[in-house]
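Right, I'll just put the structure down here and ask away after.
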Amino acid sequence: MEGAGAGDGGGSGPPNPEPEGAQAQAVELHEDEEIIEVLELNDAEPDPDDLASDMEDVDFADDPEDGDMADNEEWETEDEGVEEGTDPHDDSELTFSKHTASVFCVSLDTKESALAVTGGEDDKAYVWRLSDGETLFECTGHKDSVTCAIFSHDSTMVATGDMSGLIKVWKVEGAHEIWSVEVGDLEWLEWHPCAHVLLAGTADGNTWMWKIPSGECKTFQGPSCPATCGQFMPDGRKAVVGYEDGSVRIWDLKQGSALHVLKGTDGHTGPLTCVASNNDGSLVLTGSVDCDTKLVNTATGKVVGVFKTESNVSKATRREDGEAESNSVESLGFCNVLPLAAVGYLDGTLAIYDLSSQSLRHRCQHESGIVQLLWEQNSPVVYTCSLDGAVRLWDSRSGKMISEYCGHTAEILDFALNKDATIVVTASGDHQAKVFCVQQPDR
């Protein structure tokens with residue numbers, strides 16, 4: 001299940017035990033390829049000519065571091081009742097309990113981080129307030145599990161999408177639907193970084209782009225297999241899309257053509273699970289069921305590095321029933337302030353890679369599979385959520401866990417972090433979404 005944000009990976013099923021040889025790590029380098037610099041975020045809009053230029057021969061440099069009583073039943077604070085037979089330990093400040101089945105996705109409003117939208121297996125999506133859990137409105141009319149629910153860049157709109165391919169857009173002010181469309185089975189849905197434009201991937205291999213609310217549409221035809229993950233590039237003019245056949249395409253959204261196609265040895269040997277871009281769009285990471293993570297120069301379309309762990313290459317763990325249980329890359333992302341990348345695996349490994357040396361810096365082990373990871377915007381701290389129902393903060397410089405937040409009685413399937421890194425909101429298989437206030441250690 002792919003949804004808002006790259007790498008909203010694997011939702012259910014038991015995590016793998018730690019494979020043999022997990023300590024051994026390997027990095028493959030492509031001959032004659034040099035690594036390009038990870039640039040810090042520039043407040044100005046990137047120049048497309050600069051983004052398109054080949055940045056070889058540049059060395060990395062480490063940067064410096066009003067509801068009534070009935071409404072109130074929809075939520076509860078951590079001091080209110082805990083279900084009988086469950087772990088009473090709950091670090092959350094507030095629990096949203098209106099969903100009646102697994103909560104698959106969550107997004108925060110990007111303007112003030114005062115609102116959340118959640119979607120679930122109950123075919124419902126709700127926009128609700130973080131301060132008290134009050135529901136502002138329900139996004140009605142879906143006919144299948146809502147797997148995508150996201151705020152637009154200015155928080156004036158919410159887009160919701162269900163597995164059957166019904167996509168709806170809602171105006172937050174006034175709480176009314178302004179647009180809808182039906183496409184093939186939906187894989188993922190993304191808003192443009194600075195415009196009211198939606199991008200979606202479907203199981204027929206198409207990527208769709210719509211202007212909202214006019215509905216003006218463009219389609220980008222991939223191979224005859226699902227477009228399993230994708231996102232806009234930071235300049236808003238290109239998109240990177242991964243496919244079930246292991247290929248990756250970087251699309252020119254204005255021209256409607258593929259600038260680069262990575263397949264064969266440049267692609268993956270298994271379906272793509274996640275993609276991520278660095279802040280200036282010069283580099284892309286791709287992750288797959290094949291357990292490889294590839295680093296791509298978007299100007300040249302060349303793979304400039306492959307990250308893998310020995311445990312993910314040749315070993316397969318065995319479940320008690322004797323069946324082989326494979327590992328996979330579930331989520332990945334770039335650090336904004338240091339030349340680091342994080343990769344989260346289904347076997348519970350969080351790998352921190354140094355991009356300047358293309359080497360493994362830290363290996364942080366979880367007891368169960370990682371579902372998603374997110375970097376803080378302005379520090380080298382990475383957050384993970386996992387199948388054991390916990391959120392953890394890690395210092396990428398030391399590889400040490402900073403803190404852990406618990407409260408769910410089932411796996412966390414998605415989570416969101418506000419810009420100030422003070423609030424985490426989680427979505428879980430226990431039918432609940434929770435709000436956690438993050439204590440700020442010295443960054």
From T147 OG1 over to F104 CZ, what is the distance, rounded to the nearest 0.5 angstrom? 8.0 Å
Between Y345 and E330, does any side-chain donor sit less than 3.5 Å from a side-chain acceptor?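 Checked: Y345/E330 side chains show no N/O donor-acceptor pair below 3.5 Å.
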Nearest-0.5 Å distance, CG of residue D162 to NZ of residue K124: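 The CG atom of D162 sits 12.5 Å away from the NZ atom of K124.
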Taking the side chain as every heavy atom from C-beta outward, state whether L189 and L198 have any atom pair closer than 4.5 Å. yes
Would you say Y353 and L340 make side-chain contact, with heavy atoms under 4.5 Å?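 Heavy-atom side-chain distance check fails, nothing below 4.5 Å.
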Without swapping roles, check the side chain of W251 against the backbone of V241 for a donor-acceptor pair under 3.5 Å. no
Identify the heavy atoms of F151 and A116 that sit nearest to each other, and give their distance.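 So the two residues come closest at CE1-C, 3.8 Å.
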Can we say K168 and E182 salt-bridge, meaning some charged N sits less than 4.0 Å from an Asp/Glu carboxylate O?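 No, no charged N to carboxylate O under 4.0 Å.
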Quick check: does any side chain N or O of N327 sit under 3.5 Å from a backbone N or O of D347, one acting as donor and the other as acceptor?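 Yes, because the side chain of N327 sits within donor-acceptor range (under 3.5 Å) of the backbone of D347.
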Heavy-atom donor-acceptor pair, Q372 side chain to L413 backbone, under 3.5 Å: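 Not at all, since once roles are kept as given, no pair shorter than 3.5 Å links the two residues.
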Output yes when a side-chain donor or acceptor of S102 lies under 3.5 Å from a complementary backbone atom of E121, and no otherwise.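 No; zero donor-acceptor contacts below 3.5 Å.
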I402 side chain near V381 side chain, heavy-atom distance below 4.5 Å: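 Counting from C-beta outward, I402 and V381 do come under 4.5 Å.
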Report yes or no: does T349 contribute a side-chain atom to a donor-acceptor pair with the main-chain N or O of A351 at less than 3.5 Å?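 Flag not set: sc T349 to bb A351 has no pair under 3.5 Å.
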Reported CG-to-CG distance for the pair L295 and L355, which is rounded to 0.5 angstrom: 6.0 Å
Taking atom NE2 of H268 and atom CG of D290, what is their separation to the nearest 0.5 Å?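 The CG atom of D290 is 5.5 Å from NE2 of H268, to the nearest 0.5 Å.
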Expected output: side-chain S155 to main-chain K111 donor-acceptor under 3.5 Å: yes
Is E216 atom CD crowded by more than 12 heavy atoms from other residues, nucleotides or ligands, each under 6.0 Å away?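 Counting neighbours around CD of E216, 12 or fewer heavy atoms of other residues, nucleotides or ligands fall under 6.0 Å, so no.
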Just wondering, are more than 12 heavy atoms of other shown residues or ligands nearer than 6.0 Å to CE in M209? yes
Among side-chain atoms of Q221 and T219, is any donor-acceptor pair under 3.5 angstrom?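 Checked: Q221/T219 side chains show no N/O donor-acceptor pair below 3.5 Å.
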Salt-bridged, R397 to D395, with N to O below 4.0 Å?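 Salt bridge: yes.
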Partners meeting side-chain hydrogen bond (donor to acceptor under 3.5 Å, both in side chains) with S277 (sequence neighbours left out): none
Give, for atom CD of E190 and atom CG of L199, the distance between the pair rounded to the nearest 0.5 Å.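 Rounded to the nearest 0.5 Å, the CD-CG separation comes out at 7.5 Å.
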Distance-only side-chain donor-acceptor flag, T384 / H366, under 3.5 Å: yes
Does either side chain, that of H99 or that of T118, offer a donor lying less than 3.5 Å from an acceptor on the other one? yes
Check for me whether the distance between the ring centres of H196 and W210 falls short of 6.0 Å.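 Between W210 and H196, which both carry aromatic rings, the centre distance is not below 6.0 Å.
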Is a side-chain donor-acceptor pair under 3.5 Å present for T273 with S288? no
Verdict with supporting geometry, D420 and T422, side-chain hydrogen bond (donor to acceptor under 3.5 Å, both in side chains): CA-CA 5 Å; D420 296 334; T422 57; 5.0 Å; no
Quick check for you: to the nearest 0.5 Å, what is the distance between L262 atom CG and I250 atom CD1? 6.5 Å
Is the shortest heavy-atom distance from the side chain of Y243 to the side chain of V248 under 4.5 Å?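 Not touching, per the 4.5 Å side-chain cut-off.
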Taking F232's backbone N and O only, do any of them form a donor-acceptor pair with K238's side chain (distance below 3.5 Å, no angle check)? no
Answer whether the closest heavy-atom distance between the side chains of V438 and Y405 falls below 4.5 Å. yes
Checking the side chain of W170 only, and the main-chain atoms of E138 only, is there a donor and an acceptor separated by less than 3.5 Å?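 No; judged by distance alone, with no hydrogens or angles, the pair does not exist.
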Hey, is D388 close enough to R392 for a salt bridge, meaning N to O under 4.0 Å? yes
Has the side chain of D91 got a donor or acceptor atom that lies under 3.5 Å from a matching backbone atom of C406?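 Flag set: sc D91 to bb C406 pair under 3.5 Å.
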Taking atom types as modelled, is there a side-chain donor on E411 or S428 under 3.5 Å from an acceptor on the other?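 No - no donor-acceptor pair under 3.5 Å links their side chains.
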Within the 3.5 Å criterion, strictly below it, is a donor on S113 or D109 matched to an acceptor on the partner's side chain? no
I'd like to know if the side chain of D123 and the backbone of H142 have a donor-acceptor N/O pair within less than 3.5 Å.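 No, because the side chain of D123 does not come within donor-acceptor range (under 3.5 Å) of the backbone of H142.
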L108 versus V425: any side-chain heavy-atom pair under 4.5 Å?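 They are in side-chain contact.
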side-chain hydrogen bond (donor to acceptor under 3.5 Å, both in side chains) involving S247 - partner list, sequence neighbours excluded: D245, R249
Would H408 and T426 count as having a side-chain donor-acceptor pair, cut-off 3.5 Å?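 Yes, a side-chain donor-acceptor pair sits under 3.5 Å.
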